[in-house]
Engineer: 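Below is a structure I'd like to ask you about.
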Amino acid sequence: MGSIVQAEDQVPVYESGAEALQKLQEKWKSTPAPFPAMYSSVLGGIVLDPAMMVLPIDDHMVHRGHGVFDTAMLLDGHLYELDPHLDRFLRSAAKAKVGTPFPRDTLRAILVHMTAASGCRKGSIRYWLSSGPGDFLLSSSALPGPAFYAVVIPSDYDQCRHGVKAVTTSVPMKPPLFATSKNVNYLPNVLSIMDAEERGAFASVWVDEQGFVAEGPMVNVAFVTPAGELVLPAFDKILSGCTAKRLLALAPRLVDAGLLTGVTTKFITVDEAKTSVEMAFVGSGLPVLPIVEWDGQPIGDGKVGKLMLALSDLLWEDMKSGPDRVAVPYK
């Protein structure tokens, strides 16, 4: 290993890939590997060594944000709603003008095989399509082709039954073209969650320029009105959450049981939303997280409500035994 001198500091120079890999592997020797498996189309396979779970610096997703992603929850060795997420993934890619190195069936097979190779039975997977590596220009027209990456993320998550606080963020929300696709340009989302944390809240809520409730930085929001109707903000200008859509499909069961009077999506103003008797964040890893306070004002009686817990039970049971589960073929 050689070195160069900058001022009084010595900066190592690794003259071979073997040297660089050795250094990366040394980094993980004393640390449990956080991710058990990754797929990279650049490498052309699945890697289990965390030292190799890297992206090329000239990938346009890295330096230009030209990429999209999606996810799927993993529970009891089954991938939940993989197909709806994969369909949204490809819609996002089309909007972002990002191609794919493989047809949909191959992408799906890679994700299932990667999960099996990981041995992980509880957590999530996340996957990306990028316009690919090749240069540092703005345009991707000269690149060899798109890239596909994926990773398994273990997590001992459970059904959320506690209440949290939310705040309205002052961070501008993304315009519809970007908000309705799941792209990697998440700086507004990052800043809005940091805004919430700095103000002692779990997460923030975006409100559009017309005063209608939009979404959270990584979740949808749901309300139960004083009349007992479940309302989710219309998806016209926000991400169409797969878990939110599944909630809308399952919630009529509570109407049949006499617990809700109706289920709908619509544009809902902040003032109307704050009169709700119950409120929650809705997202893959929650799946329903009750909100008991918004901007310092209690929602309903300020306690976790029975209706959001009932909706959470519906989704949790669907995750454990519903029809849209893909069994992972572990060895």
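Residue numbers run from 1 in the order of the sequence given.
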Engineer: Of Val328, Leu82, Thr106, which meets side-chain contact (heavy atoms from CB on, under 4.5 Å) against Leu111?
Structural biologist: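 Of the listed residues Val328, Leu82, Thr106, the side-chain contact (heavy atoms from CB on, under 4.5 Å) partner of Leu111 is Leu82.
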
Engineer: Hey, mind stepping through Asp195 and Ser204 against side-chain hydrogen bond (donor to acceptor under 3.5 Å, both in side chains) and telling me if it holds?
Structural biologist: CA-CA 7 Å; Asp195 175 37; Ser204 56; 5.7 Å; no

Engineer: Got a second to check how far Thr265's OG1 is from Ile238's CD1, nearest 0.5 Å?
Structural biologist: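 One gets 9.0 Å once the value is rounded to the nearest 0.5 Å.
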
Engineer: Would Val184 end up clustered with Leu177 when hydrophobic side chains under 4.5 Å apart are linked, directly or stepwise?
Structural biologist: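 No, Val184 does not connect to Leu177 through the hydrophobic network.
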
Engineer: By side chain to side chain donor-acceptor pair (under 3.5 Å), which residues pair with Arg121, not counting sequence neighbours?
Structural biologist: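 Here no residue qualifies.
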
Engineer: Can a salt bridge be assigned to the pair Glu26 and Lys29 using a cut-off of 4.0 Å between side-chain N and carboxylate O?
Structural biologist: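 Between Lys29 and Glu26 there is no salt bridge, as every charged N stays at least 4.0 Å from the carboxylate O atoms.
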
Engineer: Which heavy atom of Met53 sits nearest a heavy atom of Met38, and at what distance?
Structural biologist: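 Shortest heavy-atom separation between Met53 and Met38 comes out as CA-SD, 3.3 Å.
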
Engineer: Quick one: list whatever passes salt bridge (Lys or Arg N to Asp or Glu O under 4.0 Å) with Lys122, sequence neighbours left out.
Structural biologist: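 Partners of Lys122 under the salt bridge (Lys or Arg N to Asp or Glu O under 4.0 Å) test: Asp156.
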
Engineer: Tell me whether Val68 shares a hydrophobic cluster with Val190, the cluster being built from Ile, Leu, Val, Met, Phe, Trp, Tyr side chains joined at under 4.5 Å.
Structural biologist: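 Result: no, two separate clusters.
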
Engineer: Please name all residues satisfying side chain to side chain donor-acceptor pair (under 3.5 Å) with Ser118, sequence neighbours left out, ordered by chain then number.
Structural biologist: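 Partners of Ser118 by the side chain to side chain donor-acceptor pair (under 3.5 Å) criterion come out as none, since no residue qualifies.
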
Engineer: Report yes if the side chains of Asp236 and Phe267 come closer than 4.5 Å at any heavy-atom pair, otherwise no.
Structural biologist: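 Heavy-atom side-chain distance check passes, below 4.5 Å.
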
Engineer: Under the salt bridge (charged side-chain N to carboxylate O under 4.0 Å, His left out) rule, what pairs show up with a residue in residues 240-253, not counting sequence neighbours?
Structural biologist: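 Residue pairs passing salt bridge (charged side-chain N to carboxylate O under 4.0 Å, His left out), neighbours aside: Arg246-Asp318.
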
Engineer: For residues 205-214, which residue pairs pass the salt bridge (charged side-chain N to carboxylate O under 4.0 Å, His left out) check, not counting sequence neighbours?
Structural biologist: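 Found none.
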
Engineer: Starting from the C-alpha separation in whole Å, work towards a yes-or-no answer on side chain to side chain contact (heavy atoms under 4.5 Å, CB included) for Val11 and Val13.
Structural biologist: CA-CA 7 Å; Val11 179; Val13 174; 5.8 Å; no

Engineer: How many angstroms lie between atom CD1 of Ile193 and atom CG of Asn189, to the nearest 0.5 angstrom?
Structural biologist: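 One gets 9.0 Å once the value is rounded to the nearest 0.5 Å.
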
Engineer: Show me the donor-acceptor pairs, under 3.5 Å and distance only, between side chains in residues 95-102 and residues at least two apart or in other chains.
Structural biologist:
residue : atom : partner : partner atom : Å
Lys95   : NZ   : Thr180  : OG1          : 2.9
Thr100  : OG1  : Phe102  : N            : 3.2
Thr100  : OG1  : Phe102  : O            : 2.7

Engineer: Give a yes or no on whether Val152 and Tyr330 share a hydrophobic cluster (residues Ile, Leu, Val, Met, Phe, Trp, Tyr; joining criterion: side-chain heavy atoms under 4.5 Å apart).
Structural biologist: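 Same hydrophobic cluster.
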
Engineer: Decide side-chain hydrogen bond (donor to acceptor under 3.5 Å, both in side chains) for Lys320 and Gln159; before the verdict, give the C-alpha distance in whole Å, the side-chain angles of both, and the deciding distance to 0.1 Å.
Structural biologist: CA-CA 11 Å; Lys320 293 183 72 68; Gln159 183 181 9; over 6 Å; no

Engineer: What side-chain donor-acceptor pairs closer than 3.5 Å can you find for residues 54-63, not counting sequence neighbours?
Structural biologist:
residue : atom : partner : partner atom : Å
Asp58   : OD2  : Gly134  : N            : 3.1
Asp59   : OD1  : Met61   : N            : 2.8
Asp59   : OD1  : Ser130  : OG           : 2.3
Asp59   : OD2  : Ser130  : OG           : 3.4
Asp59   : OD2  : Tyr149  : OH           : 2.5
His60   : NE2  : Asp135  : O            : 3.3
His60   : NE2  : Asp135  : OD1          : 2.6
His63   : NE2  : Asp58   : O            : 3.3
His63   : NE2  : Asp135  : O            : 2.8

Engineer: Mind listing the closest non-hydrogen atom pair of Glu229 and Thr264 along with its distance?
Structural biologist: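 Reported closest heavy-atom pair: OE2-CG2, 3.5 Å.
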
Engineer: At their closest point, which heavy atom of Gly302 faces which heavy atom of Val292, and how far apart are they?
Structural biologist: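 Smallest heavy-atom distance, with atoms named: O-CB, 3.5 Å.
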
Engineer: Return the minimal non-hydrogen interatomic distance between Pro226 and Val277, and the atom names on each side.
Structural biologist: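 Nearest pair, atom of Pro226 first, then Val277: CA-CG1, 3.9 Å.
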
Engineer: Enter the distance from Ser131:OG to Arg64:CZ here, rounded to the nearest 0.5 Å.
Structural biologist: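 The CZ atom of Arg64 is 10.5 Å from OG of Ser131, to the nearest 0.5 Å.
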
Engineer: With Thr31, which residues qualify under side chain to side chain donor-acceptor pair (under 3.5 Å), at least two apart?
Structural biologist: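 Result, side chain to side chain donor-acceptor pair (under 3.5 Å) vs Thr31: none returned.
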
Engineer: Test: ring pair (Phe, Tyr, Trp, His ring centres under 6.0 Å). Region: residues 17-44. Which pairs qualify, not counting sequence neighbours?
Structural biologist: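 Qualifying pairs, neighbours excluded: Tyr39-Phe148.
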
Engineer: For Pro50 and Ala33, work out which heavy atoms get closest and say how close.
Structural biologist: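 Result for this residue pair: CG-CB, 3.8 Å.
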
Engineer: Should Leu248 and Val255 be counted in the same cluster of Ile, Leu, Val, Met, Phe, Trp and Tyr side chains packed under 4.5 Å apart?
Structural biologist: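 Same cluster: Leu248 reaches Val255 through Ile, Leu, Val, Met, Phe, Trp or Tyr contacts under 4.5 Å.
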
Engineer: Would you call Tyr80 and Leu75 a side-chain contact if the rule is heavy atoms closer than 4.5 Å?
Structural biologist: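 No - every pair of side-chain heavy atoms lies 4.5 Å or more apart.
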
Engineer: Classify the angle between the aromatic ring planes of Tyr157 and Trp316 as parallel (below 30°), tilted (30 to 60°) or perpendicular (above 60°).
Structural biologist: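 It falls in the perpendicular class, over 60°.
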
Engineer: Is there a continuous path of hydrophobic side-chain contacts, each under 4.5 Å between heavy atoms, that joins Leu48 to Ile110?
Structural biologist: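 The answer is yes; both residues are in one hydrophobic cluster.
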
Engineer: Any salt bridge (charged side-chain N to carboxylate O under 4.0 Å, His left out) involving residues 160-179? Give me the pairs, sequence neighbours left out, ordered by first then second residue.
Structural biologist: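 Qualifying pairs: Arg161-Asp313.
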
Engineer: Looking at residues at least two apart in the chain, or sitting in another chain, which of them share a side chain to side chain donor-acceptor pair (under 3.5 Å) with Asp295?
Structural biologist: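 Testing Asp295 for side chain to side chain donor-acceptor pair (under 3.5 Å), a comparison that skips the adjacent residues, returns Thr168, Lys274.
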
Engineer: Decide whether Thr269 and Asp271 meet the rule of one side-chain donor and one side-chain acceptor closer than 3.5 Å.
Structural biologist: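 No, no side-chain donor-acceptor pair sits under 3.5 Å.
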
Engineer: Got a sec, which pairs hit salt bridge (charged side-chain N to carboxylate O under 4.0 Å, His left out) with one end in residues 33-47, sequence neighbours left out?
Structural biologist: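 Of all non-adjacent pairs touching residues 33-47, none passes salt bridge (charged side-chain N to carboxylate O under 4.0 Å, His left out).
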
Engineer: Could you measure the distance from the CG atom of Asp70 to the CG atom of Leu86? Nearest 0.5 Å is fine.
Structural biologist: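 These two atoms lie 8.0 Å from each other.
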
Engineer: Do you know the tightest heavy-atom contact between Pro329 and Val112?
Structural biologist: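 For Pro329 and Val112, the tightest heavy-atom pair comes out as CD-CG1, 3.4 Å.
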
Engineer: Stepwise, does the side chain to side chain contact (heavy atoms under 4.5 Å, CB included) test hold for His66 with Leu143?
Structural biologist: CA-CA 12 Å; His66 196 189; Leu143 299 180; over 6 Å; no

